[in-house]
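Comments concern the structure below.
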Amino acid sequence: MNKHEQHTQFTHSLILLLTAIIWGTSFVAQSAGMKTVGPLIYNCIRMFLGGLILIPIILIRNQICKKSGKPIKNIKLSIKRGLIAGIILSAASNLQNVAMIDASAGKAGFMTALYIILVPVLGIFIGKKTSILTWISVILALIGLYFLCIGRGGAFYFAPSDILLMGCALFFSFHILYVDKVSNDIDGLTLSCTQFIVTGIISIPFIFLVDVLILHMNPSIETLTDAWLPICYSGFMSCGVAYTLQIIGQKSVNPTLASLIMSLESVVSAISGLIILNQRMTLDETIGCIVMFTAVILAQLPTPGKRIREQISG
């Protein structure tokens, strides 16, 4: 690797680190915003904002590419696949938002990060091999979950928010596997914009069912005004900007390194929750976070065989 390639990889690694910081602090925004706004309307609005901020970017990009004689291909296919991605993302993000009514930003961040371990495990069912390190990571993650959700001497019981967060991690795993499967012949920005808008639309009918009937959080202009800053941050920064940064950053960074950097969102969520919202964790929850983060890192480490294959192909 020459100096230019090293500089490019370092720059793109910093971009991915910024992505992780935005995603991590977004957990704090969600916790703060949902003190006055129901989780479904919060998610609905932020997803629409995420989609809207990408529309002008896509239009400008398409015009530039058209003038250069290299128009973007497979727009219609990207929209169709964005519809499916949006359905999966809707389940994942809405489960996460409902869970965060009771769960802290740090706990939500670490349990959501389980998708990094679930992805290779679920990959077995579609013919992808899973290394011994991944299985060790799964065992560590289960230990971390025990400390995080139950604690030493506690009864074997998961709070409703814990179950919702595990469901959230599972659907995020489905989302990652689906996008990975269809990403070769689609436009990433178009798919992203479509999935955000689809998620927002799907969330609308559940606002009345969950926010109003179950949680008794009636939406109003006053509550939305009180939460405008967290909603805008989650919409524009977490959905719109961070996803775009992820696409840019991953272009010149090894996938293993990219996943490892972006998994730092769980650490950022815990630290920012402590600093900004004063959400302190118990000793058992802290141990659980440390064990789970160790599992996340271990799941991203290449096995000797994988490292050799990467060197040969790269």
Donor-acceptor pairs under 3.5 angstrom involving side-chain atoms of residues 98-108: please list them, not counting sequence neighbours.
from, atom 1, to, atom 2, distance (Å)
S104, OG, K107, N, 3.2
K107, NZ, D162, OD1, 3.0

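- Although no hydrogens or angles enter the test, the distance criterion places no donor-acceptor pair under 3.5 Å between the side chain of W23 and the main chain of A242.
- Distance alone, capped at 3.5 Å, is enough to place a donor-acceptor pair between the D211 side chain and the L40 backbone.
- Counting only distance, with no hydrogens or angles, the side chain of T223 and the backbone of S220 share a donor-acceptor pair below 3.5 Å.
- Minimum heavy-atom separation, S272 to V28: OG-CG2, 3.1 Å.
- Taking both residues in full, the closest heavy atoms of F171 and L95 are given as CD1-CD1, 3.8 Å, listed atom of the first, atom of the second, then distance.
- A salt bridge between K76 and D187 is absent, with no side-chain N of the basic residue lying under 4.0 Å from a carboxylate O of the acidic one.
- Side chain of S31 to main chain of F27: a donor-acceptor pair is present (N/O by atom type, distance under 3.5 Å, no hydrogens or angles).
- The minimum heavy-atom distance between S93 and N43, with the atom names listed, is OG-ND2, 2.9 Å.
- Side-chain atoms of T36 and D226 form no donor-acceptor pair, as typed in the model, at a separation below 3.5 Å.
- Residue L274 is found outside any hydrophobic cluster, as its side-chain heavy atoms come under 4.5 Å of no other Ile, Leu, Val, Met, Phe, Trp or Tyr.
- When only modelled atom types and interatomic distance are considered, S234 and Q30 share no side-chain donor-acceptor pair under 3.5 Å.
- Here the closest non-hydrogen pair linking L49 and C232 is CD1-CA, 4.1 Å.
- For Y178, the OH atom sits in a packed shell: over 12 heavy atoms of surrounding residues, nucleotides or ligands are nearer than 6.0 Å.
- What you find for I201 and F48 is that their closest heavy atoms are N-CZ, 3.6 Å.
- The distance from atom SG of C193 to atom CG of L59, rounded to the nearest 0.5 Å, is 9.0 Å.
- How far CG of L215 is from CG of L209: 9.5 Å, rounded to the nearest 0.5 Å.
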Stepwise, does the side-chain contact (heavy atoms from CB on, under 4.5 Å) test hold for I176 with L118?
CA-CA 10 Å; I176 291 169; L118 288 173; over 6 Å; no
